[in-house]
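Inspection log for the structure reproduced underneath, given as structure tokens.
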Amino acid sequence: MPTVPHHIAIVMDGNGRWAEQRKRPRNMGHKAGVKALKSTVEHSAKAGVKILTVFAFSSENWQRPRQEVTRLMDLFLRALEKEVKALHENGFRICFIGDQTAFAEELQNRMQEAADMTADNKRVTLNVAVNYGGRWDIVQAARRLAVAAQAGQFDPTELSDEVFAAHLATAGQPDPDLLIRTGGEMRISNFLLWQSAYTEFYFTPVLWPDFDAAELDRAIAAYQVRERRFGRTGRQLRAPNVA
Ligand code: IPE
Ligand code: IPE
Ligand code: MG
């Protein structure tokens with residue numbers, strides 16, 4: 001049996017273009033995007049994925065027109081109100097990664113409630129990246145380590161990959177095996193910079209609202225024929241005991 005990626009990360013891009021193609025306001029695309037997210041969450045759990053990390057709002061997305069940002073925040077709040085209970089009942093642990101201090105208090109409270117309510121669930125971890133930036137993540141980890149070192153609580157000569165990763169927003173979780181980006185752009189847009197060092201990338205022109213179970217299966221199938229060498233040679237992988 002080919003292995004299903006343990007951790008999938010998704011850059012859910014293309015909502016705006018999906019709406020524009022239909023001569024509808026961009027917000028309609030974001031609404032359709034929430035539906036696509038719901039079905040992707042369900043399907044990835046059925047497929048056996050254990051961690052799903054979705055990029056919902058980047059630290060750069062504040063630069064969009066104010067009305068679009070407001071609508072996105074409304075949609076986010078409503079999706080939390082509507083979906084968290086069912087996710088909890090279905091065994092999902094919900095985590096938020098990103099700088100939450102920038103959000104309205106009500107939204108922050110709802111996020112905290114969702115995280116607390118689902119904290120002990122074991123079936124699938126759903127990381128929702130909101131106001132997330134890969135550089136922010138690296139800088140906040142470095143800042144905390146520097147502060148701890150200055151206070152004499154951490155010996156900086158002990159800094160290692162593992163210690164650093166334990167201070168990132170994804171602390172305790174394995175890195176993504178597969179990163180999917182919909183919408184046709186072939187860039188990372190400041191998503192999981194540290195964590196994607198050895199992730200397999202899959203780009204598809206499909207716009208996020210059109211992404212469905214069949215598209216997810218296609219991405220997983222593409223992943224399954226990749227050879228993950230991690231610096232070794234292909235021959236070493238096929239005959240691990242040969243020097
Ligand atoms: C992704 O879709 C959703 C967010 C960034 C919030 P976009 O809104 O970026 O859609 P396009 O790229 O303009 O089509
Ligand atoms: C990346 O999409 C962020 C999310 C999907 C939330 P963008 O649409 O913001 O990325 P760029 O600006 O095209 O790189
Ligand atoms: Mg976009």
Side-chain angles (χ1 to χ4, degrees), residues 7-41 44 51-83 94-104 107-108 110-111 114 126-140 168-170 176 178-196 199-212 215-216 219:
H7 181 174
I8 297 185
I10 309 183
V11 180
M12 308 183 289
D13 196 22
N15 295 349
R17 278 164 284 165
W18 185 91
E20 281 156 16
Q21 281 174 4
R22 287 162 179 74
K23 310 254 180 296
R24 307 296 304 273
R26 291 177 60 87
N27 191 45
M28 290 301 296
H30 296 313
K31 272 194 187 155
V34 174
K35 271 197 198 155
L37 174 57
K38 216 179 141 184
S39 77
T40 301
V41 166
S44 44
I51 307 176
L52 185 66
T53 302
V54 295
F55 207 4
F57 191 86
S58 77
S59 45
E60 287 72 36
N61 287 146
W62 296 108
Q63 296 172 66
R64 293 195 175 193
R66 204 168 73 196
Q67 179 181 288
E68 181 166 345
V69 172
T70 309
R71 295 243 160 103
L72 278 166
M73 294 298 143
D74 283 351
L75 197 59
F76 184 33
L77 186 62
R78 267 184 287 134
L80 283 176
E81 288 170 350
K82 237 176 101 195
E83 308 296 346
I94 308 172
C95 302
F96 296 95
I97 59 170
D99 181 5
Q100 293 166 31
T101 60
F103 295 122
L107 193 49
Q108 288 191 43
R110 283 283 139 77
M111 288 159 76
L126 174 63
N127 294 315
V128 184
V130 274
N131 193 19
Y132 181 87
R135 288 182 175 177
W136 164 84
D137 202 359
I138 291 169
V139 169
Q140 66 80 25
L168 293 169
T170 48
L178 170 65
L179 185 145
I180 299 169
R181 181 169 185 146
T182 63
E185 311 300 347
M186 289 185 231
R187 55 178 172 254
I188 194 153
S189 299
N190 199 15
F191 197 21
L192 301 161
L193 296 180
W194 171 284
Q195 296 89 336
S196 61
T199 300
E200 296 295 328
F201 286 75
Y202 178 85
F203 297 102
T204 168
V206 171
L207 302 175
W208 176 248
D210 292 326
F211 193 83
D212 59 12
E215 296 295 341
L216 182 68

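The first residue of the sequence shown is numbered 1, and numbering continues consecutively from there. First listed ligand is number 1; within each ligand, the first listed atom is number 1.
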Under the criterion side chain to side chain contact (heavy atoms under 4.5 Å, CB included), I'd like the reasoning laid out for R78 against V34: C-alpha separation, chi angles, the key distance, then a yes or no. CA-CA 10 Å; R78 267 184 287 134; V34 174; over 6 Å; no

Let me see the working for M111 and Q100 under side chain to side chain contact (heavy atoms under 4.5 Å, CB included), right down to the final yes or no. CA-CA 9 Å; M111 288 159 76; Q100 293 166 31; 3.4 Å; yes

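One of the N, O or S atoms belonging to D13 lies under 2.8 Å away from the Mg ion (ligand 3).
Close N/O approach between D13 and ligand 2 is found [any backbone or side-chain N/O within under 3.5 Å]. For ligand 1, the polar-atom distance check against W18 finds no nitrogen or oxygen pair separated by under 3.5 Å.
There is no protein heavy atom less than 4.0 angstrom from atom 12 (O) of ligand 2.
Under the 3.5 Å distance criterion, the side-chain polar atoms of Q108 are matched with a main-chain donor or acceptor of F103. No donor-acceptor pair under 3.5 Å is formed between the side chain of N131 and the backbone N or O of G98. The backbone N or O of T182 sits nowhere less than 3.5 Å from a side-chain atom of W208 that would complete a donor-acceptor pair.
Of the protein's heavy atoms, V11 CG1, 3.9 Å lies nearest to atom 1 (C) of ligand 2. Ranking the protein heavy atoms by distance from atom 14 (O) of ligand 2 puts S189 OG, 2.6 Å first. Protein heavy atom in closest approach to atom 5 (C) of ligand 2: M12 O, 3.5 Å. Of the protein's non-hydrogen atoms, the one nearest atom 9 (O) of ligand 2 is N61 ND2, 2.9 Å. Given atom 10 (O) of ligand 1, the protein heavy atom at minimum distance is G16 N, 2.9 Å.
When non-hydrogen atoms are compared, ligand 2 lies under 4.0 Å from the side chain of R181 (C-beta onward) but not from its backbone. Proximity of E185 to ligand 2, defined as any heavy-atom pair under 4.0 Å, is not found for any part of the residue. Looking at R64 against ligand 1, only its side chain comes within 4.0 Å, counting heavy atoms. Within the 4.0 Å heavy-atom criterion, the part of F57 lying near ligand 2 is the backbone and not the side chain.
When each atom of ligand 1 is checked for a heavy atom of R17 under 4.0 Å away, the hits are 11 (P), 12 (O), 14 (O). In the vicinity of H30, heavy-atom distances shorter than 4.0 Å reach the ligand 1 atoms 3 (C), 8 (O). Set against the non-hydrogen atoms of R187, the atoms of ligand 2 under 4.0 Å away are 11 (P), 13 (O), 14 (O). Atoms of ligand 1 lying under 4.0 Å from any heavy atom of A56, numbered from 1 in the order shown and given with element: 6 (C).
When every heavy atom of G183 is checked against every heavy atom of L207, the shortest pair comes out as CA-CD2, 4.0 Å.
Checking Q195 against D137 by side-chain atom types alone, a donor-acceptor pair falls below 3.5 Å.
Residue R135 qualifies as open at atom CZ: its count of foreign heavy atoms under 6.0 Å is 12 or below.
Residue contact check for ligand 1: G183 places no non-hydrogen atom closer than 4.0 Å to it.
Using a 4.5 Å heavy-atom threshold, the side chains of V11 and S189 count as separate.
Screening M12, R187, M186 for a side-chain contact (heavy atoms from CB on, under 4.5 Å) involving R181 leaves a single residue, R187.
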